[in-house]
Peer 1: 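Next up is a structure, given as structure tokens.
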Amino acid sequence: MSSLNRHQLRELYRHLLLTRGLEERLERLWHDGRVSAPPIRSLGQEATGVGGAFALREGDWVAPSSRELGAVLVRGLAPREVLVRHLSMSGSPVGSSDQADRFTAPALGVLGPTGPLGTQLCVMNGVALGFRLRAEPRVCLAYLGDGASRTGAAHEGLNFAAVQGLPVLVLLVHNGWASGTRSDRQAAVTDWLDVAGAYGLPAESVDGNDVLQVYDSALRGVQRARRGEGPSLIVAETYRMQAHADDTGAQHDAEALEAWARRDPITGFESYLVETGFESRPSLAVLREGVRRELDLAVEEALGSVGTGLEKPAVPAVPGESEPTPWTRRPMVYPDLQTHESG
Amino acid sequence: MSSLNRHQLRELYRHLLLTRGLEERLERLWHDGRVSAPPIRSLGQEATGVGGAFALREGDWVAPSSRELGAVLVRGLAPREVLVRHLSMSGSPVGSSDQADRFTAPALGVLGPTGPLGTQLCVMNGVALGFRLRAEPRVCLAYLGDGASRTGAAHEGLNFAAVQGLPVLVLLVHNGWASGTRSDRQAAVTDWLDVAGAYGLPAESVDGNDVLQVYDSALRGVQRARRGEGPSLIVAETYRMQAHADDTGAQHDAEALEAWARRDPITGFESYLVETGFESRPSLAVLREGVRRELDLAVEEALGSVGTGLEKPAVPAVPGESEPTPWTRRPMVYPDLQTHESG
Amino acid sequence: MAGSTGQGEAMQAAPDGAQPERAGLRQTTYLEAIREAMWEEMKTDPTVFIMGEDIGTYGGAFKITEGFLEEFGPDRVIDTPISEAAIVGAAIGAAHMGFKPIAEMQFIDFIAPAFDMIVNFAAKVRYRTGVGAPLVIRGPCGGGAHAGPFHSQNVESYFANVAGLKMVAPATARDAKGLLRAAIRDPDPVLFFEHKYLYRRIKEALPTDEEIVVPLGVARTHRPGSDLTVVTYGAMLYKAEEAARTISDEDGCELEILDLRTLRPLDTPSIVDSVRRTGRVLIVHEAPRFGGFAGEIAAQICEEAFEWLDAPIRRVTALDTPIPYSPPLEEHYLPQTDDIVSAARWLLAY
Amino acid sequence: MAGSTGQGEAMQAAPDGAQPERAGLRQTTYLEAIREAMWEEMKTDPTVFIMGEDIGTYGGAFKITEGFLEEFGPDRVIDTPISEAAIVGAAIGAAHMGFKPIAEMQFIDFIAPAFDMIVNFAAKVRYRTGVGAPLVIRGPCGGGAHAGPFHSQNVESYFANVAGLKMVAPATARDAKGLLRAAIRDPDPVLFFEHKYLYRRIKEALPTDEEIVVPLGVARTHRPGSDLTVVTYGAMLYKAEEAARTISDEDGCELEILDLRTLRPLDTPSIVDSVRRTGRVLIVHEAPRFGGFAGEIAAQICEEAFEWLDAPIRRVTALDTPIPYSPPLEEHYLPQTDDIVSAARWLLAY
Ligand SMILES: Cc1ncc(C[n+]2csc(CCOP(=O)(O)OP(=O)(O)O)c2C)c(N)n1
Ligand SMILES: Cc1ncc(C[n+]2csc(CCOP(=O)(O)OP(=O)(O)O)c2C)c(N)n1
Ligand SMILES: [Mg+2]
Ligand SMILES: [Mg+2]
């Protein structure tokens, strides 16, 4: 039984719903040709993104991969802002230069990935170094895909955190797949917990589809880090229920899909809430309806708020840009140009 | 008690002596200003380089770091050739372009490192892939420094070997140091064997100063790989008895130096040979004298055989080179120029 | 693996080489050409094999290697972990053993984590040791697919200064096929940049009864002309073509378009020959301008054809920023036909 | 950490700026200048800290950071594992938190494993997200120290086409100090290339009572002249100087030498101004020629000063191979004073 109160449990539930619902809407917008790429969905893994980030507090940072929209929402990014970003027009909270599914929002403590996997963890170590240099009891949570953990950068990042004893919690998401390849072709380990041993990191495994287990475990890691006891690792066992980046089923494994569908994190959490008496079936329906409305409104607002983009491109400040010349493109205006590269 | 016969034991001993003696001579040549960089010495670790490579047979490959001269000698590179290389003049067996301490000799199955650490293991995987594609029962041995194991490339290499089940044996040399930094600042592990677990690799630890232990363990790994049972890892516990690349003592740790000096691999092996009756003290002295003469001759020959270098630079075949023009440097002549880059 | 990249969009026939279907000819997309080159080489040469992420069971992010696993088996179609350095490293080692590995980067942007392996191991190994490394590293480059700053880059200038590497950037299906074949057979490392915007947009009638091999290091005159030389490569070829047509129609001047095809080694004689004839030159590439590959070309022209130049050498390139995600911004960032037209007019009027 | 690199060899005073010791002036080597810039910035700005391999207890492979650990403690002088990507990544993250980290690459060649981190994370983060990354990546570059193909490279062209990066290559002790200060204070990522050949060979009298800050992006006229402009940077400055003296003595012509100091952003106006005055230009750099940084400079000159050019733009560079280990081969490979002299004469006679 969790230590969370009714309000907190409700928030967890709401964020699971928001995550799934927002991704569904993004998918629909993609089908309608309104956004240019399908969302990287977390279908079936929502508990991992939501539960992990829920263990953080203000001032902490999280580094979600593209598949942890839930963590970004928990940190407070509004669904409307996510939508605007995917619609990739001006008015986006973080400019229109970045890929739509890579959120960086310093005010919310969110550090997004680049394209090449694994590097984000190394950068999170630096954020954690910053906390230590300032002697602030703040903590970093970094998500790491099972596939991404095979990159050199991830290795260097895990090791650096361990040697430096940084306030970092790594949540390794073992979801069975890395794009079109099974996780067991990514590594020859039978238990992904063994990864932690190579760095001398304390670690534990959790059912990644049980949002409370993820939360509780993350909280232990976060508290440990906050107490100055250094980094640790969680392996969340979960399953990617769609293909990498579109809504065809996960490849080649109808059986696994069926088994994991029975362990859906939202349905499971609903049963928990009802069985423990925190919520009733009708109160859950009301919550679902509320989230549905919230998302409908967000979509409406987002579609209304964005222009065609070119009138005033929301390009963030840049450190240098070609001086326009007659034979190159028309100039782009950057708000606070720092230096010039002439040419 | 080892399975090796008297002749083989003698060869092991001779190679330990050759390694140490040749490095001493290189050091002297450096002091005399005859070679431009001090050798990366394996003082105190000779058993690791020699014992590991001794477990290979013809057709196998080894990837020594710069600190495993012993492995290169075991593979059959003549001391004279090593010397010529360090004298970096024409006549060097592998050209004068490469750094003196990075040996690549395909005929002997030796793959040298580049500068940036860790990558050699990835390349060895490819050699092993080649063996598999040809269905040949050949095996690769890759040395890996404890410091080098912290690079991203080493991680990717270990993991790739494991997932592909390649005929590769990795010998991780835990020698207490990586340049001027202690190994315990490289990784937070207490037992370096734990590294293997992260890749699902079978592994064992050996006393890296006991040449027979190293040999026996390497033989097990090599045989395993040859039987098609895939890669494994050995952690050799040893100690670097000099600074990284010159003959000042290892930094900051007189105590450790003293303790490890008592475990010198050559003295230890001598005692073993005498105690087991394979050799007598006088027979060892004869062997030592033989090696001394061999090395003296090699130095003499090497110094005599090399010119000043510029007359006929021993540059290997290159795939492309600037066409000389009046305003660039005088042309270099490459024996089998394949294509041109004009300019 | 941005799911939308260039799939299912309208095809444009390649400006030249597009012919009606006839016996011995088959309409072949740029993507199919790449696929066929690999397939045919693997069929005829047992030392050729491929490695990469999702190329086996999944058939590749762009489905280029669909069916390869079934045909050639898991020893020659190797699904790898997400480890670009390990992939390239394994290619080098296998190449040392006499194989001709092809390493796929899922997007060419992901060549960056293998940079050290390429620049310090692959490129230098023959010089250092005399051991060759006949490998190909290939992958989709380029913008226009709304794939943002990490799935759209052009990486040629990262490697331009590295002796020991060859670099290829085909613009047509024929060249994609013929150059890839030559790259696979080449005794040294070749970086092969496929433009993802062209994968399914370019379709040409290619002979089925002829082995197409296009030698590395030789440029192709895509369009003859006497008034101005446009030196380009990759997807920009088609914008240059459009610009040439506009200039021909509206200004009555003829642009000669040189498609470099191979960037390193560069076919300097062909460039110089054209520039000496036209006296004016415009270099067009999709990468940002500063430090881009056009610099090398300009420097060589200036060295070899200075006396023949009637106007400054001009460059039309992308802006000096990362490539933005937003489609209108991306369009704004990339060089467009209009830019080529106005630069050409500027030069012609000079 | 090739033990021999440039240690204990004869010093040459910097051609200009070398003055006798007087009150308020101290003879300072190029290496000491770098050390002092870091020391003084760390003293005055608590957000500056350093990371790298062997920089703490050991004091650095070249002993640049000797005593730093004792003075600033292990939180601000961080000995790292052999993990260049992790080092640069940590610098980016700390920079996001308002710190100004300095990441040392033990040799600049080892920047290659951090390539992705630099090009895709550090360089792009401000454009993508608006979050700055005020970090410096510094390390010894360059040849002449008999250190072979992996401890002698010049890496500027790997990064030349990457928007979002600044690149600095000081040639004098004064500039090493002043530019490093400016780099540390800069709000964006700066790559700082120290030439190892100059570490202990260059010594200048620097003021002790003045804070030397040299702004990024501004070239320096090292030697005025009216007959030919030599554009160069790094250690080649001294060979250009020697050549200029020879030409002045033997040919009676005066070479103007422009020391770029910053490569990106490039001080195009200064280059153009000089070339417009002299009408002839020679670009000299130590990296190989093909795809080298000289290409960008040549292209810009051609764009901006075409009408003023009386001769082709020429380049003197290293050969298009990796840098060899053998000392005579290395000398053969590197551009030498003689090469500059004959190229200059060729241009002057043109
Ligand atoms: C260095 C690098 N190589 C390849 C890719 C292409 N890619 C994008 S996502 C992905 C799979 C990631 O798998 P995992 O880390 O397990 O995350 P998941 O998709 O399961 O959430 C791949 C291969 C990449 N982004 N970066
Ligand atoms: C990527 C990279 N970074 C830094 C160096 C500089 N360097 C050369 S040897 C060395 C220490 C290697 O330590 P280890 O791997 O333990 O081998 P050992 O010297 O102990 O034999 C370092 C840091 C390098 N060669 N490559
Ligand atoms: Mg996964
Ligand atoms: Mg070590």
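By convention in this document, chain letters (A, B, ...) are assigned in the order of the sequence lines, proteins followed by strands, and residues within each chain are numbered from 1.
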Peer 1: Is it the side chain or the backbone of C/F121 that comes within 4.5 Å of chain B heavy atoms, both, or neither?
Peer 2: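 Backbone plus side chain of C/F121, per the 4.5 Å heavy-atom cut-off to chain B.
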
Peer 1: Does any backbone or side-chain atom of B/L111 lie under 4.5 Å from a heavy atom of chain C? Answer side chain, backbone, both or neither.
Peer 2: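 Contact with chain C involves the side chain of B/L111 alone.
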
Peer 1: Please round to the nearest 0.5 Å and tell me the distance separating atom OG1 of B/T119 and atom CD1 of C/I118.
Peer 2: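 Reported to 0.5 Å precision, the distance equals 12.0 Å.
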
Peer 1: Rounded to the nearest 0.5 Å, what's the gap from OG1 on C/T47 to CZ on B/R134? Could you check?
Peer 2: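 Reported to 0.5 Å precision, the distance equals 10.0 Å.
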
Peer 1: Taking the side chain as C-beta and beyond, is there a heavy-atom pair between C/K124 and B/T114 under 4.5 Å?
Peer 2: no

Peer 1: If you define the side chain from C-beta out and look only at heavy atoms, does anything of B/L129 sit under 4.5 Å from C/M51?
Peer 2: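 B/L129 reaches C/M51 side chain to side chain.
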
Peer 1: Answer yes or no: is there a side-chain heavy-atom contact under 4.5 Å between B/T104 and C/V131?
Peer 2: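 Yes, side chains in contact.
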
Peer 1: For the atom pair CZ (C/R128) and CD (B/Q99), what is the distance rounded to the nearest 0.5 Å?
Peer 2: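 CD of B/Q99 is found 8.5 Å from CZ of C/R128.
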
Peer 1: Using non-hydrogen atoms and a 4.5 Å limit, figure out which bit of C/D116 sits close to chain B: side chain, backbone, both or neither.
Peer 2: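 Interface part for C/D116: side chain.
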
Peer 1: Is there a side-chain contact between B/C122 and C/M117 (heavy atoms, below 4.5 Å)?
Peer 2: yes

Peer 1: Do you know which of C/G217, C/G132, C/S83 has the most heavy-atom pairs with chain B at a distance under 4.5 angstrom?
Peer 2: C/S83

Peer 1: Return the CD1 to CG distance between C/I92 and B/N125, rounded to the nearest 0.5 Å.
Peer 2: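 Separation between the atoms: 11.5 Å.
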
Peer 1: I need the B/L133 CG to C/F49 CZ distance, nearest 0.5 Å.
Peer 2: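 The CG atom of B/L133 sits 5.5 Å away from the CZ atom of C/F49.
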
Peer 1: Any idea which heavy atoms bring B/E156 and C/I82 closest together, and the distance?
Peer 2: OE2-O, 4.4 Å

Peer 1: What are the two closest heavy atoms between B/Q164 and C/D79, and how far apart are they?
Peer 2: NE2-O, 3.8 Å

Peer 1: Roughly how far, to the nearest 0.5 Å, is CD1 of C/I87 from CZ of B/F160?
Peer 2: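 Going from CZ on B/F160 over to CD1 on C/I87, the span is 7.0 Å.
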
